[in-house]
Each structure stands twice: as C-alpha cells, then as structure tokens.
Number of protein chains: 2
Amino acid sequence: MTRPFANALELLRAARLRPTRQRLALARLLFEKGDRHVAAEELHGEALAAQVPVSLATVYNTLHQFVGAGLLREVVINPGRSYFDTNVSDHHHFFYEDSGKLRDIPGDSIAVTNVPPPPDGGSIRRVDVVVRVEKAASKARS
Amino acid sequence: MTRPFANALELLRAARLRPTRQRLALARLLFEKGDRHVAAEELHGEALAAQVPVSLATVYNTLHQFVGAGLLREVVINPGRSYFDTNVSDHHHFFYEDSGKLRDIPGDSIAVTNVPPPPDGGSIRRVDVVVRVEKAASKARS
DNA sequence: AAAACAGATTATAATAGTTCTAGACTATTG
DNA sequence: CAATAGTCTAGAACTATTATAATCTGTTTT
C-alpha cells in the first residue's frame, strides 16, 4: 500500500499482460480501494474522472482480461449488467434489491452442504450463493 | 393433466389475468411440459411453431406478469439473458457452462447454513444457489 | 537508439436482449 | 350489442456489450 504503482505493475506482470498506461490506471482504480464490485461503465467513469484517457471498449477488454487472469471475478445478478468483483477468494454475496448494491459474505461464514453430483456429468467449478435482501424493517430478534 | 386447457384457465383466473388467446397458449406451453427453464425468445419461437400468433413484446409482458403472480421465477445467470423457471418451489440450480443449460436441484437436497443477517438491514427474501458445472471428466472418487 | 513487430487502444458501428409507444383489437360488463 | 378497460402488436428505442479496422505504443531486434 506504500508503493501502489509497483503493485499494479507486478499484478500485470504476473498476469502476463503488457503494463500499458490504461491497464495500469485501471488496475490501480480497481485494486487500491479494497474489495469492490464495479460495473464497466462505472469504472470507465472513474477513469475519466481521474484524468485517465481510456475508451469504454478498453475498459471491457481489460476487465475480461483480468477475469481471465484470475484477478477479477464476474458476478451476474441483474439481467443486462455485469459486476466485476475484486475479491476472488471463496465467498458469496448479499444483493440489496432496492439499491442494486452487492456486499461480500465471507466464504467461511456460510456453509453449503450436501450438493449432489451434477447429474449430466462434468465437475463443479464453483458454487455461488446470492442472498437477496429486500428493504423492510429488519425485524431482528423476533 | 387430462384437461390442460382448463388448467391454464384456472391458473390465469387465480392470477387475476384475463384469459386471452395469447396468455392461454403461453401458459400451456410453459406449464404442460413439467419443469422448464425458458428464455423469452425461445418461448416465442415455440409459440410461433405451435401456430400461435404472438408478438415478442407480448411474450415479455406475459412472462413478467407470470413472475409477478408467482407462477414463474426469473433466474439470472448469464449476462444478457434471463431464464424463466416454471418451478417456483424452493430449489436451486446446476448451471452447465458449456451448454448454458440449467437443471433443478431440489431445495431439500442442499443445505445453506449460517447465513449471517444482512449488515445493512432489510430482510432475506430468498437464497439462490448456483452450482457451476464445467465440462470435464467428472473424476469422482479421486 | 532506430526500425520492425506484436499487441493494445480507439472511435465507431454492430449486435443482442429487452422495454417502450401509440394505435388497433378483444374480452368483459351492463 | 355498445361501452370500456384491458391487451396485443409492429416497430422504434434503449442498454449493455462486442466487433471492426485504423492508429498508436511497448517491446524486441538490429
């Protein structure tokens, strides 16, 4: 956290992606603010606001390259919009239906058990849990 | 299952939707073949193939009305395409990444435990589990 | 360090899925 | 059977995303 530029550079090197101006800037926007869930247009807006000249097409390209390199995870919850999650460790999500926001649930706080083997063959690559939350008095201890 | 038309009619009545030609036909296509996962365009194609004149706009309207009435459930897994699930009981899904197909997992065969309360308030409306399956020798007992 | 090359970036066009619109149609009601 | 409230339709519009083809930039070679 003391040498952010170096971190982004290492990240790209490890992913075997050329450290271009745009990729470095996007990497910094993505990974220097802790865990985030961003949509492509959102990130594009942030980049422009940060005086980084980058096209939307490049933002998409870069996000997909990062996903391919295991630096990001794509989260699909809403039809018509993908979110990219900077947390690639095993975890799940709360989805707030009214605001459209996501929030991580640590992987070890939820347990999914008794998943049967896929009936049509193949192997399990990942188990995604989405907890849909609706606005309502939380009504905790009933 | 002996009087399909009557079933579709009852369904629409219960949902307080006028039993129009189009809605009846779509209801029959959806609910007379057991549990299914259909996309809008798919259903539209089936309707046309079955000589039911219906526009794509009406298919979308109807699907959403059915979701609103609790007859269908919308499942979002792929960016850019929604599936509508005729099984509205508590259950989860296998998603076959290569074919894009969905398959139900009975709700009682999976257990999700220790879900923490939503940190930002609100109440849990539903917990969706998607088991992503990739094509590969299942390689069971390792 | 210049030249050459591979790869990246860009603006723009194209695409896919979905939603909107305004007018025509139809099931219900009196 | 006329009125009306709700439904259907073709087509346009919209949103997010992907493709294209030309230009540019980082790296490698000389």
Side-chain angles (χ1 to χ4, degrees), chain A residues 5 8-29 37-48 50-69 71-72 74-84 100 102, chain B residues 5 8-29 37-48 50-69 71-72 74-84 100 102:
Chain A
F5 185 86
L9 225 176
E10 281 165 34
L11 224 62
L12 292 178
R13 286 247 173 76
R16 310 191 138 273
L17 293 167
R18 254 193 219 176
T20 63
R21 206 177 299 290
Q22 289 80 353
R23 290 212 269 240
L24 280 167
L26 294 176
R28 268 180 270 149
L29 285 171
H37 305 96
V38 269
E41 305 251 15
E42 222 172 310
L43 182 61
H44 184 227
E46 287 182 21
L48 296 186
Q51 311 278 16
V52 179
V54 61
S55 72
L56 186 54
T58 296
V59 171
Y60 275 105
N61 288 340
T62 304
L63 286 171
H64 288 144
Q65 288 154 353
F66 284 8
V67 169
L71 301 176
L72 286 178
E74 189 170 0
V75 182
V76 180
I77 286 186
N78 265 339
R81 173 162 302 190
S82 279
Y83 289 90
F84 295 86
L102 285 171
Chain B
F5 186 87
L9 225 177
E10 280 165 35
L11 224 60
L12 293 178
R13 286 247 173 75
R16 310 190 141 273
L17 293 168
R18 253 191 219 177
T20 64
R21 207 176 301 289
Q22 289 80 354
R23 289 211 270 240
L24 280 167
L26 293 176
R28 269 180 269 149
L29 286 171
H37 306 95
V38 270
E41 306 249 16
E42 223 173 310
L43 183 61
H44 184 227
E46 288 181 20
L48 296 187
Q51 312 278 15
V52 179
V54 62
S55 72
L56 187 54
T58 296
V59 171
Y60 275 104
N61 287 341
T62 304
L63 286 171
H64 289 143
Q65 288 154 354
F66 285 8
V67 169
L71 301 175
L72 286 178
E74 190 169 359
V75 182
V76 180
I77 288 186
N78 266 338
R81 174 164 302 191
S82 279
Y83 288 91
F84 294 85
L102 285 172

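Bear in mind that the values here come from a model prediction, so they are computed numbers and not experimental data. A note on names: the letters A, B, ... follow the listed sequences, proteins ahead of strands, and every chain is numbered from 1.
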Nearest-angstrom distance from the residue atom CG of Asn78(A) to C1' of dT19(C): 15 Å

dT18(D) OP1/OP2 closer than 4.0 Å to side-chain N/O of Tyr60(A): no

Any Thr20(B) side-chain N or O less than 4.0 Å from OP1/OP2 of dC8(D): yes

Heavy-atom side-chain proximity of Phe84(B) to Val67(B) below 4.5 angstrom: yes

Sugar-phosphate, base or nothing in reach of Pro79(B), heavy atoms under 4.0 Å: nothing

Gap between atoms CG and C1', on Leu12(B) and dT7(D) respectively (whole Å): 13 Å

Interatomic distance, Tyr83(B) OH vs dT18(C) C1' [rounded to whole Å]: 15 Å

Given Val38(B), Leu26(B), Leu56(B), the one that forms side chain to side chain contact (heavy atoms under 4.5 Å, CB included) with His44(B): Leu56(B)

Whole angstrom value for the distance that separates P of dG7(C) from CD of Gln22(A): 17 Å

Arg23(B) vs dT7(D): side-chain N/O to OP1/OP2 distance below 4.0 Å: yes

Nearest-angstrom distance from the residue atom NE2 of His44(B) to P of dC8(D): 13 Å

Contact nearer the 5' end of DNA chain C, comparing Ser82(B) with Pro19(B): Ser82(B)

Distance test, side-chain N/O of Arg18(B) to OP1/OP2 of dC8(D), below 4.0 Å: no

Intermediate values then yes/no, side-chain contact (heavy atoms from CB on, under 4.5 Å), Val76(A) and Asn78(B): CA-CA 6 Å; Val76(A) 180; Asn78(B) 266 338; 5.8 Å; no

side-chain N/O His64(B) vs dT18(C) OP1/OP2, d < 4.0 Å: no

Side-chain heavy atoms of Gln22(A) within contact of Thr62(A), under 4.5 Å: no

Residue mapping more 5' on DNA chain D - nearest nucleotide basis, Ala39(A) or Thr62(B): Thr62(B)

Distance in angstrom units between Arg16(B) CZ and dT28(C) C1', rounded: 14 Å

Residue mapping more 5' on DNA chain C - nearest nucleotide basis, Leu56(B) or Ala57(A): Ala57(A)

Spacing between Leu26(B) atom CG and dT9(D) atom P, to the nearest angstrom: 9 Å

Rounded interatomic separation in angstrom, taking CG from Asn61(B) and C1' from dG6(D): 12 Å

Heavy-atom check, side chain of Leu12(B) versus side chain of Phe66(B), under 4.5 Å: yes

